[in-house]
There are 2 protein chains.
Amino acid sequence: MVNSDNAKIRLLDAAGPEFAAKGFEGATVREICLRAEVNVAAVNYYFGDKERLYVAAVKRARALREEQVPMPLWAETLPAEDKLRQFITILLSRMMGVQAAPWQTRLMMREIQHPTAACRELVRDYMRPDFELLLGILDELVPAEIPRYRREQIGFSIVGQCFFYLAADSVVSLLIPAEELATHYQIDQLAEHIQQLSLAALGAVPPLDGMLLSPPTARPTNSWNPS
Amino acid sequence: MVNSDNAKIRLLDAAGPEFAAKGFEGATVREICLRAEVNVAAVNYYFGDKERLYVAAVKRARALREEQVPMPLWAETLPAEDKLRQFITILLSRMMGVQAAPWQTRLMMREIQHPTAACRELVRDYMRPDFELLLGILDELVPAEIPRYRREQIGFSIVGQCFFYLAADSVVSLLIPAEELATHYQIDQLAEHIQQLSLAALGAVPPLDGMLLSPPTARPTNSWNPS
DNA sequence: AATTGTTTTAAACACGCGTTTAACTGTCGT
DNA sequence: ACGACAGTTAAACGCGTGTTTAAAACAATT
């Protein structure tokens, strides 16, 4: 091959944001090829058809996002509370990115809401491992007698709180004034809030009555280096 | 007008489920009119174009869902804990319906994820009042000194937990075996779990350590009559 | 019964879509 | 030098889309 996968990769990089922004139906092959500076026929040449390009774009989005914000390997001795805090921060970071949610996340989001063939392996390769990781952390935080299904529900409660800011950010933006968003809705602050609320529910820290004395911003997230 | 809004209403009733299932781009005017047993030109005759039909369908979905599962008027004396439980149950009921999420909810869901003109008033007329209601309940549960933005974050945490099962049900279905879903993920059980976890976080009930003694199914939701 | 205005109809329109074709370009092995 | 082949190109194809049209059907009023 001469230039073989050069065009293929440019196509993928152009398809990702386009599908993320407009969905499978809304995005057009022509626009994607225009962005990629590639002939329209390239999509059929390299991927067969639009749908297989879409599936490839979803896979690539997952891989990219995972290496952008990987889950750290924790030391055995690290307290479960700290692991949970970092887990939540990473979850929020993946979902919200630095400013707005990156196209990789938005694309996976669409896949979650309107599952196609790509969804099954998305869950298997991407979400399942993270969820098991979370369950492992919870194992250290809740009494051993609590059944697995309860831990899973607790896990969903934690994930759900993070997920909300991704999935319903349009609602949050309309409910909360812009200046309050800027002041109190940064990733670290939300992570601290969710972590504190969750730990309080599990009895690992005092309930909210005491939170006044240590508001979320007072205790910054343990620093870790995602790069 | 003779038969005027008969066709108009049939059109709306057909458009709702269609838009909910396939989205604005995916749904076709022809298919909608076929369902409604109406000529294709009716859409332009009554609504002008496809987009205004969509907006009308969203508005109608909101109105329908609100009267299907209304928020009750609570007695002044009702403990805040009970109000919260009922609020959560209603939220979950609206989102999950009896079996799967009804088309009204799915349609509003699409609007939340990919906001169009209809989103702004959807928040203003539908979500804002409910959120204020929730904040009112939280006022009775948290110390007076806790600032408003903290209560809002707590509100989002509660809403987020419910919202997750609507927005990510494809993921939940893939993560949790079918039989466990049937056994432990009924509306009342989830409502009990979310309510208990939230109250524990606020210090209104003992933390999860004590939950073993009173698992979510043990204390059924107070009955109320939505009809 | 004739007239007016509203609603419904079948057919067509213009356009954009995903996909295909067939010719062309460049690169390599022989 | 030349044939074989991967890569690229412009143009076209067939189809489905939202929308429009002009006539027919209908109901109400005069």
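Below, read A as the first sequence line, B as the second, and so on, with proteins coming before strands; counting in each chain starts at 1.
Sequence neighbours left out, the pairs with a member in residues 50-75 of chain A that pass ring-ring contact (aromatic ring centres under 6.0 Å, His included) are F19(A)-Y54(A), F24(A)-Y54(A).
With rounding to whole Å, L34(A) atom CG is found 12 Å from dT9(D) atom P. Rounded to an integer number of Å, the gap from I32(A) CD1 to dG18(C) C1' is 11 Å. In this structure, F47(A) atom CZ and dG7(D) atom P are separated by 13 Å, rounded to whole Å. For the pair K22(A) NZ and dG16(C) P, the interatomic distance rounds to 14 Å; values are reported in whole Å. Taking atom CG of L11(A) as the reference point, atom P of dG7(D) lies 14 Å away to the nearest angstrom. Residue N39(B) contributes atom CG, which lies 14 Å from atom P of dA25(D) at whole-angstrom precision. L53(A) has its CG atom 14 Å from the C1' atom of dT19(C), to the nearest Å. dC17(C) atom C1' lies 14 Å from atom CD of E18(A), rounded to whole Å.
A salt bridge does not link E192(B) to R150(A): none of the charged nitrogens lies less than 4.0 Å from a carboxylate oxygen. Salt bridge annotation for R60(B)-D13(B): present, with a cationic side-chain nitrogen under 4.0 angstrom from a carboxylate oxygen. A salt bridge links D169(B) with R106(B): the closest approach of a Lys/Arg side-chain nitrogen to an acidic carboxylate oxygen falls below 4.0 angstrom.
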Go through Q153(A) and L197(B) one step at a time and tell me if the side-chain contact (heavy atoms from CB on, under 4.5 Å) criterion holds.
CA-CA 10 Å; Q153(A) 288 177 347; L197(B) 188 139; over 6 Å; no
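Side-chain N/O atoms of Y46(B) include one lying less than 4.0 angstrom from OP1 or OP2 on dT8(C). Side-chain nitrogen and oxygen atoms of Y45(A) include at least one within less than 4.0 Å of the OP1 or OP2 phosphate oxygen of dG7(D).
With hydrogens and angles ignored, the 3.5 Å screen pairs no side-chain donor or acceptor of R85(A) with any backbone N or O of Q195(A).
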Just the atom pairs and distances: protein N or O near nucleotides 16-19 of chain D's N or O, under 3.5 Å.
unit_1	atom_1	unit_2	atom_2	d
dG18(D)	OP1	A27(B)	O	3.3
dG18(D)	OP1	V29(B)	N	3.3
dG18(D)	OP1	K50(B)	NZ	2.8
dG18(D)	OP2	V29(B)	N	3.0
dG18(D)	N7	R30(B)	NH1	2.8
dG18(D)	O6	R30(B)	NH2	3.0
dT19(D)	OP2	K50(B)	N	2.9

